[in-house]
**Q** 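Below you will find the structure I want to go over with you.
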Amino acid sequence: MLQKNTTKQAGQKPAQKNHTKGHANFGCPYAKKCGGCRYQNMSYQEQLFSKEKQVRALLSGFGSVKPIVGMEEPFHYRHKVHAVFGYQKGKGVVSGVYREGTHDIVDVEHCLIEQENADSIIRDIKELVRSFKIKTYNEDTGYGLFRHVLIRCGYATGQYMVVLVLASPILPSKNNFVKALLKKHPEITTVVLNVNDKRTSMVLGEREIVLYGPGYIEDEILGKTFRISASSFYQVNPVQTQKLYKEAIDVCNLTGTETVIDAYCGTGTIGMIAADYAKEVIGVELNQKAVKDAIVNARKNRVKNITFYEADAGKFMVQMAEQGAKADVVIMDPPRSGSDEAFLSSVCKLAPAKIAYISCNPVTQARDIKYLVKHGYVMKQARAFDLFPFTEHVESVALLVKK
Ligand code: SAH
């Protein structure tokens, strides 16, 4: 099995940091305006307690809920950092977040939960936008060019991707701009220009032009390497992701003989790690680009016992069930909306011995577990993981076994 990780759990002594004890003043000057960190006024122990309580309230009716797994150091964990760019009278070019429910930009220089070097890159890009006299985009009028910056960092590899989101594909003095940026930050391994010419609140547009490097970065989790593109889903908190994935695979107790389905597999992360402990893995994912990345990832990691399908997970499972296919274990990791009845009823038909259900929304998870419990499964255990300190979000992993 995988190596044991030491984890901090609620109820244990908090990390030896003054700022995580008692009633918190985390000193974030943007807290009121930004609104991103709703748990700003709680100590870290209180945050963990509150998240565990929420998961307990939703899942303990089905089976045992274990203590939450929190972070040793709950700051600067976000390895995907986004900043919206704009112009303010008096200040000039600003970058940061929209004040909740408005198009007013809060000019953020340092964020307590974002990777620090990513913030430093964004500050320097802001300087470059000023000195190159590039017009920022105005959400209200639709005029201007420079819209957003997205930074993705590889935790294990130290690689950095910079995505410049512009309203048009033409960035004046583009080569000099990139050159100046790389001079300040030689750690940047790729720069991508993303074109978003729509009046939308979505950050990324469809079209991508690679300005420097390969157009993607790589990261490693539990011994496997993963390619991350600008738009592909990849967990933003690498430290906690390792613990989450390890739990999802550990609870399945794989022996090397099982057929495992990795449903909602994204770029194949969980399935690829599980493949070392199973006979074969079948990954299913709706997003075409993610499936392409997954196939590249499998090849790169020389994982031969994994196959990916681009399909709606529900429809795919219905087909598998109709064809009388067999699966011993289903690992599922659906989006916030949870799974659907097509998927769940087909899982029950396929009747795997175990289901590991990973969720970023315990409300929909509880709804889906209720269905599974009604149709022949028992929830053996569940555990919450804090992947998003200071925010209200929580992840959880539940193990269900066939009665
Ligand atoms: N397991 C992956 C991804 C989890 S995020 C990881 O840990 O990285 C949820 C994934 O479900 C996303 O990649 C999304 O594209 C995919 N998805 C959403 N709806 C889907 C559906 N109906 N069928 C299959 N995949 C879906």
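Every number for a ligand or one of its atoms is a count from 1 in the order of the listing.
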**Q** In terms of ring plane angle, is the pair F226 and Y234 parallel, tilted or perpendicular, where the classes change at 30° and 60°?
**A** tilted
**Q** Can you see whether H110 engages D119 through a side-chain donor-acceptor pair at a distance of less than 3.5 angstrom?
**A** no
**Q** On the six-membered ring of Y377, is K402 placed so that its NZ or CZ lies under 6.0 angstrom from the centre and within 45° of the ring axis?
**A** yes
**Q** Under a 4.0 Å heavy-atom cut-off, which residues neighbour ligand 1?
**A** F233, Y245, Y264, C265, G266, T269, I270, E285, L286, N287, A311, D312, A313, D333, P335
**Q** Applying side-chain hydrogen bond (donor to acceptor under 3.5 Å, both in side chains), can you list everything that pairs with R367, at least two apart in sequence or on another chain?
**A** none
**Q** Determine, stepwise, if the pair E392 / R38 fulfils salt bridge (Lys or Arg N to Asp or Glu O under 4.0 Å).
**A** CA-CA 6 Å; E392 72 276 28; R38 288 189 196 281; 3.4 Å; yes
**Q** Do D219 and T225 have side chains that approach each other closer than 4.5 Å (heavy atoms only, starting at C-beta)?
**A** no
